[in-house]
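Each residue takes its place number in the sequence, starting with 1. Please read these numbers as outputs of a predicted model, since none were measured by experiment.
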Amino acid sequence: MAGWNADTAAGPLGSGTVTLVEGSTFCISAANGDIRPDLPQGLFHLDTRILSRWELTINGQTVEPLAAETKEPYRALFAGRVPRSGGYADSPLLVERLREVGAGMLEEITIRNYSKEPAECSITLAVEADFADLFEVKEARITREWKETRRLEGDSLEIRGLWEGLKKGVMIRAEGAGAGAKALGFRTSIPPYGQWSTRISAMPTLDGSAAPFTHPGRGEMSPSDRRRQEWVGKIPVMQIGNRSIEKTLRRSYEDLGALRIQDPAHPDRVVVAAGAPWFMTLFGRDSLWASEMALPVDPSLALGTLRTLADRQGSEVNTATEEEPGKILHEVRLDVSSSLALGGKSAYYGSVDATPLFVAVLGSVSRWGFAKDVISELLPNADRALEWIRDYGDRDGDGFVEYGRPNEHGLINQGWKDSWDGINFADGTIAEPPLALCEVQAYVHGAYMARAWMAYDDGDHTLAAELRERADRLKKKFNEDFWLPDKGYYAVALDKDKRPVDACASNMGHCLWFGLVDEDKAPRVVERLMSPEMFSGWGVRTLASDMGAYNPASYHNGSVWPHDNALIAAGLLRYGFVEEAQRIATALLEAAEFSGGRLPELFCGFAREQFREPVPYPTACSPQAWAAATPIQLITGLMRYDAHISLGGVWLDPVLPESYGDLHISNAPMGSGRITIDVVGSSSRVEGLPEGLTLHRAQRPWITELVERAELRRTEP
């Protein structure tokens, strides 16, 4: 991911871990529903672990797990049984725990007695809160000790923590409980074939009071359910003949909905968090890519993300946080760790690609005709981002954007492959920064073109021509300096001595997306991307298997990342390699079947011939924003669905494989209206196009050609 985890990998969560997420709250627990303090588990709210222990025992016995099913991203049902003390015979006591996260956590515990004898039960829920920030938990380096106080009142237990003037707290309430200093306790006799239940809530407190988060009545919706219903009501309904793919798309919708967080300063703005469990916060690169891929579904994600990033755009040079004027941040953190890890501020700017991506995504929103007033509002931010590319991104004036951290605590690598060993030569030698990554040059090219489109739309042909010229110069120089003719692919980077870093990596696939690859070189690039060394059968590997640093179970040196593959597939379609794009899309959608329809952040790069299922990467985020957006990107990409509203065009030229079945989409946003799309084989129909728009039943010609057509129209007598 694209974050601090790359240099500080998380410890194992434990087998059968269940992660629930809703906005800025998430919960990681064991398969039986318990939260164990010896593992990186817990209930987290705004980057703080407000529960570090939540362990249920019945008659002194830990519940044995039977099943755990995630109903929605924020709700799960755990089933287990109480072991007999002697370990013999089946237990008559079964336990169900229905858990939901929202502003805190709600849990309903039900014990059923399947015996003809009454069951005497002593039920204990041990509770602890260490108020650790999530990086301390993730990295198992909890050194900050909070002074703890506990307050008992009836069936409630409040735990408060104090550290260097900071106060945090959590309130636990349990119906019918006796609250003790360390646990909540119940005693009951469950009649033959009867049941017992209680409801428990755990809520963060502020100044001794907890936010109201009451259990809904039977048949009523919870706040999380209402939030989900609002989200579902405004996004398109997508139906596809292949039921497995439809399940995956539905899961993508659900996960994107759960990963939405609000800007505290602007509650009306919704942004996309990077992913659970460790990155429930705004990221530059991750949030922008997820927003871009989900644009045909919900433009509000991109608009909220762009506006929030613009508010935090760099304004000064700060070597501790790596802030620079015009630069777009890498990530925002909310808890005390930010003051330690990020030089005293809650924003860290160590990303080389978020800034050009900001401009590129703004251009996409503009092309699709969404929120013209917001586009106008953000154009100065886009221009400041382009100034950063010129004045700071291009560190040595060679025309390429490079990175190199100015301190000892920031990320060593600052592209999307940001692990310390993520960029290396073919022989495995690690490349030394400053590094100019191939895909970053593609993003810069995309930023120039996006700003040129917006300038054309505003009638500023002088600025548009200047930016087009910049883009053309960059493309020419890139194809001269990065191309390795003896190998038939592009260098992944140029190192500190401007030597091509000659590893065969997936990064060059992003260059296809943005049109940076010369037409005559594209076939050789595609041949390498789809070679057995690169394509595992489940997707394109991050690094070819014949490279020195290859490891199928590494984070960035041989693994398969869904979002990476979605961008490669889109690039293949741009250059006309339909069969190869179909192959990647189908492989990923089939991989999703093995994880309940949810694509994880990444999985291992073992060949499909070796393992018949994708091999999970142990600490992958799930759900994760750009992985959740990947199925949407794959389907809309294969629809070859695009728009340029100011030029009056909507393009649709579907190449969905026959196995996908027919596709029906209703309530799809388009400009200021909503449309319905039907795709049957290679034919398509669109209803409800806003006035002035024309449907083109062909793949959209890229914007250079469109703009040239528009100029011709303007100059015709």
Side-chain angles (χ1 to χ4, degrees), residues 352-353 356-357 359-360 363 386 389-390 393-403 415-417 423 425-426 431 434-453 465-531 534 540 543-544 564 567-577 580-581 701-705 707-708:
V352 71
D353 48 12
L357 283 173
V359 185
L386 294 179
I389 289 171
R390 181 193 65 201
D394 184 0
R395 300 159 62 96
D396 54 13
D398 69 341
F400 297 129
V401 169
E402 305 93 357
Y403 65 86
W416 83 264
K417 292 180 179 176
I423 307 299
F425 286 85
L435 292 171
L437 296 171
C438 68
E439 79 273 17
V440 171
Q441 315 319 313
Y443 303 165
V444 172
H445 182 269
Y448 290 153
M449 293 303 295
R451 186 63 184 95
W453 308 339
E466 176 192 327
L467 289 164
R468 277 278 305 281
E469 186 181 341
R470 267 196 240 176
D472 291 344
R473 283 200 308 268
L474 175 58
K475 182 172 182 175
K476 182 174 185 295
K477 184 171 176 56
F478 173 82
N479 281 277
E480 290 171 352
D481 293 5
F482 278 75
W483 180 246
L484 305 173
D486 57 324
K487 295 180 181 292
Y489 57 81
Y490 289 93
V492 67
L494 303 181
D495 76 352
K496 64 183 179 67
D497 299 317
K498 299 302 175 183
R499 293 182 302 163
V501 181
D502 61 349
C504 183
S506 63
N507 305 53
M508 62 183 170
H510 297 211
C511 301
L512 293 168
W513 166 291
F514 285 106
L516 194 62
V517 173
D518 281 344
E519 291 283 348
D520 64 331
K521 299 178 176 65
R524 296 187 70 187
V525 169
V526 175
E527 182 182 356
R528 284 297 287 173
L529 288 171
M530 302 307 297
S531 68
M534 285 294 283
V540 177
L543 188 70
D564 187 30
L567 302 181
I568 293 170
L572 292 170
L573 288 165
R574 174 169 185 159
Y575 281 79
F577 293 91
E580 292 82 357
W702 293 92
I703 202 68
T704 300
E705 185 180 337
V707 168
E708 287 169 353

Intermediate values then yes/no, side-chain contact (heavy atoms from CB on, under 4.5 Å), Ile389 and Val359: CA-CA 11 Å; Ile389 289 171; Val359 185; 5.7 Å; no

Residue pair Tyr448, Leu386: steps toward the side-chain contact (heavy atoms from CB on, under 4.5 Å) verdict: CA-CA 8 Å; Tyr448 290 153; Leu386 294 179; 4.0 Å; yes

Candidate pair His510 and Val440, rule side-chain contact (heavy atoms from CB on, under 4.5 Å), full reasoning: CA-CA 9 Å; His510 297 211; Val440 171; over 6 Å; no

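With rounding to the nearest 0.5 angstrom, the CG atom of Leu543 is 7.5 Å from the SG atom of Cys504. In this structure, the separation between CD1 on Ile568 and CZ on Phe577 is 14.0 Å, given to the nearest 0.5 Å. The CG atom of Leu573 lies 9.5 Å from the CD atom of Glu580; values are rounded to the nearest 0.5 Å. Atoms CG and CG, on Asn507 and Asp564 in that order, are 7.0 Å from each other to the nearest 0.5 Å. Separating the CE atom in Met534 from the CE atom in Met508 is a distance of 5.5 Å, to the nearest 0.5 Å. Note that CZ of Phe514 is 10.5 Å distant from CD of Glu439, once rounded to the nearest 0.5 Å.
Here the side chains of Tyr403 and Leu437 are in contact, with some heavy-atom distance below 4.5 Å. Taking the side chain as every heavy atom from C-beta outward, Arg470 and Arg473 approach each other to under 4.5 Å.
Closest approach of Ala569 and Ala581 over heavy atoms only: O-CB, 3.6 Å. Here the closest non-hydrogen pair linking Ala447 and Pro356 is CB-O, 3.5 Å. Scanning all heavy atoms of the two residues, the minimum distance from Pro500 to Leu484 falls at CB-CD2, 3.8 Å. Pairing each heavy atom of Ala522 with each of Tyr575, the nearest pair is CB-CD2, 3.6 Å. For the residue pair Gly488 and Arg528, the shortest heavy atom distance occurs at O-CG, 3.8 Å. Residues Glu519 and Pro523 come closest through the heavy atom pair O-CD, 3.4 Å.
In this view, Phe400 and Phe482 satisfy the ring pair (Phe, Tyr, Trp, His ring centres under 6.0 Å) rule, not counting sequence neighbours. Legend: residues meeting side-chain contact (heavy atoms from CB on, under 4.5 Å) with Arg499, ordered by chain and number and at least two apart, are Phe425, Asp495, Asp497. With sequence neighbours excluded, no residue forms a salt bridge (Lys or Arg N to Asp or Glu O under 4.0 Å) with Glu527. Not counting sequence neighbours, the partners of Arg524 by the side-chain contact (heavy atoms from CB on, under 4.5 Å) test are Trp483. Contacts of Lys476 classified as side-chain contact (heavy atoms from CB on, under 4.5 Å), with partners at least two apart in sequence or in another chain: Glu480. Residues that satisfy the side-chain contact (heavy atoms from CB on, under 4.5 Å) test with Asp396, not counting sequence neighbours, are Asp394, Asp398, Glu402, Lys498.
Remark: side-chain polar atoms of His445 are not paired, donor with acceptor, to backbone N or O of Gly515 under 3.5 angstrom. Remark: side-chain polar atoms of Trp513 are not paired, donor with acceptor, to backbone N or O of Gly509 under 3.5 angstrom. Remark: the backbone N or O of Leu516 is paired with a side-chain donor or acceptor of Asn479 at under 3.5 angstrom. Remark: the backbone N or O of Cys511 is not paired with any side-chain donor or acceptor of Tyr490 at under 3.5 angstrom.
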